[in-house]
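As structure tokens, the structure follows; a few thoughts come after it.
Residue numbers start from 1 in every chain, and the chains themselves are labelled A, B, ... in the order their sequence lines are given, proteins ahead of strands. Computed from a prediction, not measured in an experiment: that's the story for all the values here.
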2 protein chains.
Amino acid sequence: MDTSTVKLNSGEVVNCIKVISDPTRLLMMKLVEKKEYCVCQFVDMFDISQPATSQHLRKLREAGLVKENRRGQWRFYSMNESSPQASIVKGILSQIDEEDQQYLQLLEKEALVDCQ
Amino acid sequence: MDTSTVKLNSGEVVNCIKVISDPTRLLMMKLVEKKEYCVCQFVDMFDISQPATSQHLRKLREAGLVKENRRGQWRFYSMNESSPQASIVKGILSQIDEEDQQYLQLLEKEALVDCQ
DNA sequence: TTTGAATATATGAATTGACTTATATAAAAG
DNA sequence: CTTTTATATAAGTCAATTCATATATTCAAA
């Protein structure tokens, strides 16, 4: 499917950008764009509780922006490339400086986390 | 200035998309992308009060997304093409279907409004 | 088949957001 | 100068959002 040609109605666009107009969820999307992460990694990387992490992921999941992959007792999240909103999300993520301090700090913390 | 190369930090991106993740303000941006509008036109086109209209425009203005042009007792708003967020906003607006019902309805109402 | 680890859901408090009514400002017209 | 028109700001209300604490579910290991 060629997502680059998909047009959304204005309500769908609002719903999509509302979900990622939160510092935690925007950075979660920036991360899952590159690779999949399990919930426990997010809990360690972001300074919020496990329930808060889970609730952010639920919003991203219910909006169709991420897909869930269960392996054992872990749940891995990655970008849902086949959603109609994928191209708008990627367009927004592409505007974030790769040297953004908060993003870099998350990657540093990720290096210290060993999932599984 | 070549806005296409401007990168923002994640906080700036959040602030920008938070402002336009509202149905009224997203459509206002979709309109001012093409031409300038005065406040009284927005009041007639959107089904909200004059203060509500003014408050939406203030948010867009304070975020730097629109610029204000005063002529006589009217204030005209148009997209601020030279803001660092202009490219991200345009990227989002480009994902909205030109045949979006709400957008088309606004254009129909605009035809009936005579400002000045 | 109990225990533990990972994750989700429920609930309530604090914060933020959008709207309305009322009032203020500012420019033009009389 | 006073009135009118366009717009902005202030204050209050109601709804939505985010987080924490507490509890439930799910899966694997013992």
Seminar exercise, completed: The answer to which of A/K59 and B/R70 contacts DNA chain D further toward the 5' end, by nearest nucleotide, is B/R70
Exercise. Hey, which of these two, A/H56 or A/Q73, hits DNA chain D nearer its 5' end, going by closest nucleotide?
Worked result: A/H56
For this session: Could you say whether B/Q55 or A/Q50 is positioned toward the 5' end of DNA chain C, judged by the nucleotide with the nearest heavy atom to each?
Result: A/Q50
Problem set entry | Closest heavy-atom pair and its distance - A/E81, A/A86 | O-CB, 3.5 Å
Problem set entry | B/N9 CG to A/Q95 CD distance, which is reported to the nearest 0.5 Å | 12.5 Å
Problem set entry | Between CG on residue B/L106 and CD on residue B/Q101, distance to nearest 0.5 Å | 11.0 Å
Within the 4.0 Å heavy-atom criterion, would you say [X] contacts the bases, only the backbone, or no part of the nucleic acid?
X	value
B/A52	base
A/Y77	sugar-phosphate
B/Q41	nothing

Exercise. Does A/R70 make a cation-pi contact with A/F76, if we ask for NZ or CZ under 6.0 Å from the ring centre and within 45° of the axis?
Worked result: no
Exercise. Within less than 4.0 Å of OP1 or OP2 of D/dA6, is there a side-chain N or O belonging to B/R75?
Worked result: no
Problem set entry | Near-ring test B/Y37/B/Y77, centroid separation under 6.0 angstrom | no
Using atom types as modelled, flag every donor-acceptor pair under 3.5 Å from a side chain in residues 44-52 of chain A to any protein atom, sequence neighbours excluded.
| residue | atom | partner | partner atom | Å |
| --- | --- | --- | --- | --- |
| A/D47 | OD1 | A/K109 | NZ | 3.4 |
| A/S49 | OG | A/A52 | N | 3.2 |

Seminar exercise, completed: In the 5' to 3' direction, the nucleotides of DNA chain C bounding the stretch that comes under 4.0 Å of a heavy atom in chain B are C/dG17 to C/dA28
Exercise. Taking atom C1' of D/dC27 as reference, at what distance in whole Å does atom CZ of A/F76 sit?
Worked result: 14 Å
